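Accompanying notes for the structure given below.
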Amino acid sequence: MFDSTTISMIGQGTLDTLYMTIVSTVMGYVLGIPLGIALTVTDSTGLRPNSVIYKILDLITNILRSVPFLILLVLVSPLTKLIVGKSYGSSATIVPLVISAAPFIGRMVESSLKEVDNGVIEAAKSMGASTVTIIRRVLLVEARTSLLIGMTIAFGTILGYSAMAGTLGGGGLGDIAIRYGYYRYEADIMVVTTFLLVILVMVMQNLGMKLSKVIDKRLIN
Amino acid sequence: MNKIIRVVNVSKKFKGKEGEFIALNNINLEIGEGDIYGIIGMSGAGKSTLVRCLNFLEVPTQGTVYIQDKDLRSMKEKELLEMRKGVSMIFQHFNLLMQKNVVDNICFPLLISGYSKKDAKKRAYELLKIVDLDEKATSYPAQLSGGQKQRVAIARALASNPKILLCDEATSALDPQTTQSILALLKQINKEYGITIVIITHEMDVIQQICSHVAILDHGNLVETGSVTEIFTSPKTKEAKRLIYNGDTRVEEMKGKRCIRIVFSENSSFEPVIANMILECKAPVNILLADTRDIGGRAAGEMILQLPQDEETANKMIEYLKSRKLAVEEVKDYV
């Protein structure tokens, strides 16, 4: 039903979406994990309570999380231009995606790390483990299932945001859906691209959940 | 004897929503090298806080602790971490890494101490032999029983060759038989390696079985200390008496699995059937359900009884009830 140009455009769109989502997720985690760790450790019940640092990080995180993504996309476009050289296209979308995802990921990492049993942390302390050791060998290890589930959720959310960036020329499947489906009333293209987005999220979701079960040793297999 | 642990004027206050809470009030305690020292008290007496003060996991509000004559309060962070490698701890809920297998759990303190992965593994297998669990090396904690988990925790605690082992209610989550085997293991460790053991518990039985000395803690105060024989034969304070006599008069729990349902229909209301049966068979039964009333001088209704574990006595009871013209039927899975 589609000609080869349309098919290759949709194929390229899928790749662009994956590219934006994966790179943004990875970079979001590069920033989000340290943020989540810092939030966990400096909280009043954490390993190194520090209310000043906690409150500052908490505030920044909350502010960034409350700015609607499309507004953020416009707000950071000067920064995007500075980093990528242009403010449209897939690579450019990564900048606002990361800025939006990092605090969100930081919160998820924080909540995963806080699930770790206090008793195990205390046991590590009683063995003379330093704070860094406890973070590396206890918190991140014991919380890995929850972290992976969080990553699955983050991937889905970021994919959704990347599609939203399509309204402002963000590239990828969302862009195609808006340009062809919405502006040109080519409903079939919109349906196909939306369908592909759904499939992508579902595949990642199932993969993440399956993997998290495999690595979870708390369950008796 | 050499005092390996000295607690000097230790107080610990917590700030809560309703003001200050005094968890420990001016505690002074000396523990000799190679002792198995018990600290007993009701829940909320401050035992867990006290044991955490011994390795400064809780820093006392006042006073200090000396481990091998070294003042913990004067130590810097790094020295404290180093000190803790010589003072191991085991817990009520074992506190193992759930995502790591048995060997990796035992390797944990070794890796902290700078062992190479290979050496740590080798030592972990040796430790598993000591706690008699070598066949579970690659199991995960979720696959182990409570007793086995505590054995892993003990192996992990021994990994750094500690001088002192702190046990925080280490047997409280275990059944009586497993408790016995863990206590035997602790005793063996104390004997073979000369490790001083401090045991926190609320169970007098535990103290009686393995401790040489005991301290009694009540509402944050140390009320009595001494050798276990001394305190058992002549407890001086009322807290000590309460703990010791409580242990002796405790009613044994019914363990029988067999339950019967009996139906009264022909007996006189004035015949004490159950009491007579107990007197006849010289064993107690547990009344799980009773619904009887007097209808014109005759007893009517039903009861469910839990019979003693001993088969012979249980059978005798059923025979007795049948001879008194009661309908008797066994009910499955009532307890």
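The structure presented is a predicted model; accordingly, all values stated were derived computationally and were not measured. Note on naming: letters A, B, ... go to the chains in the order of the sequence lines (proteins, then strands), and numbering restarts at 1 for each one.
Of the atoms belonging to A/Thr133, it is side-chain heavy atoms, and not backbone ones, that fall under 4.5 Å from chain B. With a 4.5 Å cut-off on non-hydrogen atoms, A/Ile121 does not touch chain B at all. Contact of B/Pro109 with chain A is made through backbone and side chain together, with heavy-atom distances under 4.5 Å.
For a heavy-atom cut-off of 4.5 Å, chain A lies close to B/Leu111, B/Ile112 in residues 110-131 of chain B. At a heavy-atom separation below 4.5 angstrom, chain A is approached by B/Arg52, B/Asn55, B/Leu57 within residues 43-57 of chain B.
The environment of A/Met27 atom CE is sparse: at most 12 non-hydrogen atoms of other residues, nucleotides or ligands sit within 6.0 angstrom. Surrounding CZ of B/Phe14 are more than 12 heavy atoms belonging to other residues, nucleotides or ligands, all under 6.0 Å away. Counting non-hydrogen atoms of neighbouring residues, nucleotides and ligands closer than 6.0 angstrom, the NZ atom of B/Lys85 exceeds 12 such neighbours.
From B/Met89, atom CE reaches atom CD of A/Glu122 across 5.5 Å, with rounding to the nearest 0.5 Å. Here the CG-NZ distance, from B/Asn95 to A/Lys125, works out to 12.0 Å after rounding to the nearest 0.5 Å. Atoms CZ and CD, on A/Arg218 and B/Gln99 in that order, are 5.0 Å from each other to the nearest 0.5 Å.
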Contacts under 3.5 angstrom, residues 47-57 of chain A side chains, donor-acceptor by atom type, not counting sequence neighbours:
residue, atom, partner, partner atom, Å
A/Arg48, NE, A/Thr131, OG1, 3.1
A/Arg48, NH2, A/Thr131, OG1, 3.2
A/Arg48, NH2, B/Glu77, OE2, 3.3
A/Asn50, OD1, A/Val52, N, 3.3
A/Asn50, OD1, A/Ile53, N, 3.2
A/Tyr54, OH, A/Glu110, OE2, 3.3

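Residues A/Lys217 and B/Lys100 have side chains not in contact (no heavy-atom distance under 4.5 Å, counting atoms from C-beta outward).
Residue with the most contacts toward chain B among A/Ser126, A/Ala123, A/Gly119: A/Ser126 (heavy-atom pairs, distance under 4.5 Å). The most heavy-atom pairs under 4.5 Å with chain B, out of A/Asp117, A/Val138, A/Asn118, come from A/Val138.
Contacts classified as ring-ring contact (aromatic ring centres under 6.0 Å, His included) and involving residues 123-178 of chain A (residues at least two apart or in different chains) are given here: A/Phe69-A/Tyr161.
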